[in-house]
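Along the sequence shown, residues carry numbers from 1.
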Amino acid sequence: MKTQIEKQTPIHVSSVVYPEALTPQGSSEQFLQLAKEQGVPYLMLAVLSSTEREVFDRLPMQGMQQGGGMRGGGMPGYRTENFARMELALLDGQTGYPVLTTDGQAWATLERLVVPLDSNVYPVVRRDLTQPPIYPNSEKDAYETLRWVSGQDAIAQAVMHFEQLWKKNQAA
């Protein structure tokens with residue numbers, strides 16, 4: 001995300017601090033302290049979250065989205081949907097107040113067979129019908145691939161929204 005922000009806006013990210021040092025306390029004091037420690041006038045706060053749900057489904061024999069599903073018979077499997085959200089906030093390091101806030105949301109779906117079989121179409125991660133499917137290397141990599149895809153798409157959308165707000169604010 002650092003690279004995307006720096007590429008799409010004139011913002012330079014001087015350092016990245018991971019959340020182990022921060023705990024939600026309901027105030028901006030920890031952010032003010034962090035800005036002071038880092039010697040920066042602004043902080044970029046980024047929070048990525050996601051939720052998943054998994055349901056039994058009948059998957060199409062050839063892995064194609066048309067047809068299949070519970071209506072068309074198919075092979076027994078599971079469909080896991082991951083919904084990701086990236087929240088971005090540029091905070092003033094002196095006041096703790098947000099200068100810009102935005103978010104991005106995305107989803108991806110993992111389809112996998114009930115019994116892992118050698119298959120060239122399952123497991124598969126899908127975004128939407130306009131993008132090609134992604135075939136994880138193995139069943140054990142499938143969930144991480146699912147989460148990575150939806151997370152990356154949410155990050156990209158949040159950065160795009162951030163860039164648009166940045167340009168709008170600079171023009172005003």
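- Looking at heavy atoms from C-beta onward, Tyr97 lies out of side-chain contact with Ser28 at the 4.5 angstrom threshold.
- Val55 and Tyr143 are assigned to two separate hydrophobic clusters, defined by single-linkage of ILVMFWY side chains at heavy-atom distances under 4.5 Å.
- Side-chain atoms of Trp148 and Val125, non-hydrogen and from C-beta on, never get closer than 4.5 Å to each other.
- The shortest non-hydrogen separation linking Pro123 to Pro136 is O-CD, 3.3 Å.
- Taken from CG in Leu88 to CD in Gln157, the straight-line distance is 11.0 Å, to the nearest 0.5 Å.
- For the atom pair Gln8 CD and Thr3 OG1, the distance stands at 10.5 Å (nearest 0.5 Å).
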Any chance you could lay out the side chain to side chain contact (heavy atoms under 4.5 Å, CB included) test for Leu43 and Val40, step after step, and finish with the verdict?
CA-CA 7 Å; Leu43 293 175; Val40 294; 3.9 Å; yes
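- A donor-acceptor contact closer than 3.5 angstrom is absent between the side chains of Gln33 and Glu29.
- Both Met1 and Leu100 belong to a single network of hydrophobic side chains, linked directly or stepwise wherever heavy atoms of I, L, V, M, F, W or Y lie under 4.5 Å apart.
- Formation of a donor-acceptor pair under 3.5 Å by the Ser138 side chain with backbone atoms of Asp141 is found in this model.
- Side-chain N or O atoms of Gln105 include none that pairs as donor or acceptor with a backbone N or O of Phe83 at under 3.5 Å.
- By the 4.5 Å heavy-atom criterion applied to side chains, Met75 and Glu111 are not counted as neighbours.
- You'll find the side chain of Trp107 reaches within 4.5 Å of the side chain of Asp128, heavy atoms only.
- Counting heavy atoms from C-beta outward, Leu146 and Glu52 have side chains that approach closer than 4.5 Å.
- Taken together through direct or relayed side-chain contacts under 4.5 Å among Ile, Leu, Val, Met, Phe, Trp and Tyr, Val115 and Tyr135 form part of one hydrophobic cluster.
- Rounding to the nearest 0.5 angstrom, the gap separating the NZ atom in Lys7 from the CD atom in Glu163 is 12.0 Å.
- With values rounded to the nearest 0.5 angstrom, Asn82 atom CG is found 10.5 Å from Asp153 atom CG.
- Cluster membership check: Leu90 shares its hydrophobic cluster with Ile155, using side-chain heavy-atom separations under 4.5 Å among Ile, Leu, Val, Met, Phe, Trp and Tyr.
- Within a 6.0 Å radius of CD in Gln94, no more than 12 heavy atoms belonging to other residues, nucleotides or ligands are found.
- Side-chain atoms of Glu87 and Thr101, non-hydrogen and from C-beta on, never get closer than 4.5 Å to each other.
- At least one side-chain heavy atom of Trp166 sits less than 4.5 Å from a side-chain heavy atom of Ile11.
- No side-chain N or O of Ser14 forms a donor-acceptor pair with one of Gln38 less than 3.5 Å apart.
- Contact of the Leu59 side chain with the Arg112 side chain is not registered, since no non-hydrogen atoms from C-beta on lie closer than 4.5 Å.
- Among all heavy-atom pairs drawn from Ala158 and Met86, the shortest one is CB-CG, 3.6 Å.
- Tyr78 and Ile134 fall into different hydrophobic clusters, where Ile, Leu, Val, Met, Phe, Trp and Tyr side chains are chained together by heavy-atom contacts under 4.5 Å.
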